[in-house]
Number of protein chains: 2
Amino acid sequence: MGVRKAKAEETAAALKEAARRQFVERGYLNTKITDITAAAGRATGSFYDHFASKEDLLQALLADLHGHAHDRLAGEDHPPHDLTDRDQLREHLAVAWHLMRDNRPIMIALFEQAMAAGPGAGELWRRLTEDTWVLREHLEHLRETGHPLPGDPELVAAAMGGLLSMLAYALFTGGPKSGRSDDEVIDTLTRLLLHGLAGPGSPPA
Amino acid sequence: MGVRKAKAEETAAALKEAARRQFVERGYLNTKITDITAAAGRATGSFYDHFASKEDLLQALLADLHGHAHDRLAGEDHPPHDLTDRDQLREHLAVAWHLMRDNRPIMIALFEQAMAAGPGAGELWRRLTEDTWVLREHLEHLRETGHPLPGDPELVAAAMGGLLSMLAYALFTGGPKSGRSDDEVIDTLTRLLLHGLAGPGSPPA
DNA sequence: GTCTATATACAGATAGAC
DNA sequence: GTCTATCTGTATATAGAC
């Protein structure tokens, strides 16, 4: 790779890093192109030498994320887990939770983008079902092995995903300063989703 | 009330009604002032004779909603309910669900507005806790009477609220055309929140 | 009170010098 | 490749006639 190209890569990286910071500070929608270039210490026009639009930059951030996720998950098996097992359910929730925490800028951006797309686009439902296909498959497996579910796997999976993403967004964006620990949240959700409000000791209806 | 004032009220009402339609069609953020006035068959400038801004109009819609809600709920008692009772839990979920369905334009607008406020504002967490204070109180009552909860009442209530609002938004805005019935959703959520994924018959850990 | 016409503001995007 | 300067489109809001 030549020096010129290396410098270009450096600028692109600086813009992406600046964008990440701005998205967390101002949110995706409120972040202007000039906010990003200013934060990166570059001129406004330089932005378009690397990205066609803010949307394009977001896709680049997303591609980076997928790359890293692939690195970390490479080689890992993903056999049918039993979501009625406390430890396995907790592990699923923990992985999702930490993934969102570690990538707050992207999560915030995707969330706001989906909202800005407006209704009619059906973006939220699409993403909710897409992002929870792992859960759905596990639930379908449970059903096939004779375990009764609260409802249709797609709906239950979407409900779980909605709960997770909504709570994560709310808590990560200026939630209680008192600071709930990740473990408290994950433990609470594990108990809620495993045995509900009635708790483990409750008798059948 | 004079004729002049009556005409003004009529125009204000037409603008509000047009706004409701536009919010559902295009979303709150994508709806321009001119979209509202055009849909209402009025001139652009007339808008500002009745509302200071789009935000102001939304507050007016919200005030109408609160007025109606007050009418319907007037005189109703709201004693401490037992959320571990299937029928009472279902009733709570059903009321919330239908309230959101009957006021889709406002729900959509508030949702998008909260997102556009950006992080840092902490709007979503604030609304989530505010809108679920009824649930929180019931959960606190449960805890006081010795029933073990999955976690801190505020957190559990927020989780339930997030689940409900997220799923409602997703399903109401271009969700599956196949059309899930309200009852299917409410029944599923009732089962999920009452006994979790493990189901009612599961033994204590 | 309602209209038409216009001013203001600003973000996105481009052109051309270096 | 990066910069400065500028153009274009668009939404909000106002001014003034009727």
Side-chain angles (χ1 to χ4, degrees), chain A residues 1-23 25-61 105 108-109 112-113 115-120, chain B residues 1-23 25-61 108-109 112-113 115-118 120:
Chain A
M1 178 185 302
V3 172
R4 305 252 305 267
K5 196 162 186 178
K7 273 225 159 184
E9 292 291 328
E10 193 182 316
T11 294
L15 287 171
K16 286 195 280 192
E17 182 50 34
R20 267 190 278 262
R21 286 197 307 267
Q22 294 293 308
F23 289 170
E25 268 181 45
R26 308 169 186 255
Y28 175 73
L29 297 174
N30 286 330
T31 295
K32 312 305 170 195
I33 306 286
T34 51
D35 293 330
I36 298 172
T37 52
R42 316 287 160 135
T44 308
S46 292
F47 182 89
Y48 297 94
D49 290 327
H50 302 275
F51 307 101
S53 62
K54 193 167 66 171
E55 156 76 26
D56 185 49
L57 184 149
L58 175 56
Q59 294 306 320
L61 291 180
I108 289 171
E112 293 187 13
Q113 191 196 37
M115 300 304 299
Chain B
M1 177 184 305
V3 172
R4 306 253 306 268
K5 195 160 187 181
K7 274 225 160 183
E9 292 291 328
E10 193 182 317
T11 295
L15 288 170
K16 286 195 279 191
E17 182 50 35
R20 269 190 278 263
R21 287 197 306 268
Q22 294 293 309
F23 290 170
E25 267 181 46
R26 309 169 185 256
Y28 175 73
L29 297 175
N30 286 331
T31 296
K32 312 306 170 194
I33 305 286
T34 52
D35 293 328
I36 297 173
T37 52
R42 316 285 161 138
T44 308
S46 292
F47 183 89
Y48 297 94
D49 290 326
H50 302 275
F51 307 100
S53 62
K54 193 167 63 171
E55 156 76 25
D56 185 48
L57 184 150
L58 176 55
Q59 294 307 319
L61 290 180
I108 289 171
E112 293 187 13
Q113 190 196 37
M115 301 305 298

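Protein chains get the first letters and strands the later ones, always in sequence-line order, with residue 1 at the start of each. Computed from a predicted model, the values in this text were never measured in an experiment.
- For the pair Arg42(A) CZ and dC3(D) C1', the interatomic distance rounds to 12 Å; values are reported in whole Å.
- In this entry the distance linking CG of Asp35(B) with C1' of dT12(D) reads 13 Å, nearest Å.
- A sub-4.0 Å separation between OP1 or OP2 of dT2(C) and a side-chain N or O of His50(B) is present.
- Within the structure, a side-chain polar atom (N or O) of Ser46(A) is placed less than 4.0 Å from OP1 or OP2 of dC3(D).
- In this structure, Thr11(B) reaches the dT2(C) phosphate: one of its side-chain N or O atoms is under 4.0 Å from OP1 or OP2.
- Rounded to whole Å, atom C1' of dG1(C) lies 12 Å from atom CD of Glu9(B).
- The side chain of Asp49(B) lies closest to dT2(C), out of dA13(D), dT2(C), dG1(D).
- Between the CZ atom of Phe51(A) and the P atom of dT14(C) there is a distance of 16 Å, rounded to whole Å.
- Rounded to an integer number of Å, the gap from Lys32(B) NZ to dA9(C) P is 20 Å.
- Residue Ala8(B) comes nearest to His50(B) through the heavy atom pair O-CE1, 3.3 Å, listed as atom of the first residue, atom of the second, then distance.
- Taking each heavy atom of Phe51(A) and Asp56(A) in turn, the nearest pair found is CA-OD2, 3.4 Å.
- Whole-Å rounding puts the Phe47(A) CZ to dT14(C) P distance at 12 Å.
- Taking only side-chain nitrogens and oxygens, Thr34(B) never comes nearer than 4.0 Å to OP1 or OP2 of dA11(D).
- For Tyr48(A), the listed nucleotide lying nearest its side chain is dG12(C); candidates were dT12(D), dG12(C), dC3(D).
- Whole-Å rounding puts the Ile33(B) CD1 to dC3(C) P distance at 15 Å.
- Remark: the backbone N or O of Lys32(A) is paired with a side-chain donor or acceptor of Asp35(A) at under 3.5 angstrom.
- Rounded to whole Å, atom P of dA13(C) lies 10 Å from atom CG of Asp56(A).
- Under a 4.0 Å N-O distance rule, the pair Lys7(B)/Glu10(B) does not qualify as a salt bridge.
- Panel note: side chain Gln22(B), backbone Thr31(B); no donor-acceptor pair is recorded below 3.5 Å.
- Considering only the side chain of Ala43(B), dT4(C) comes nearest among dT12(D), dA13(C), dT4(C).
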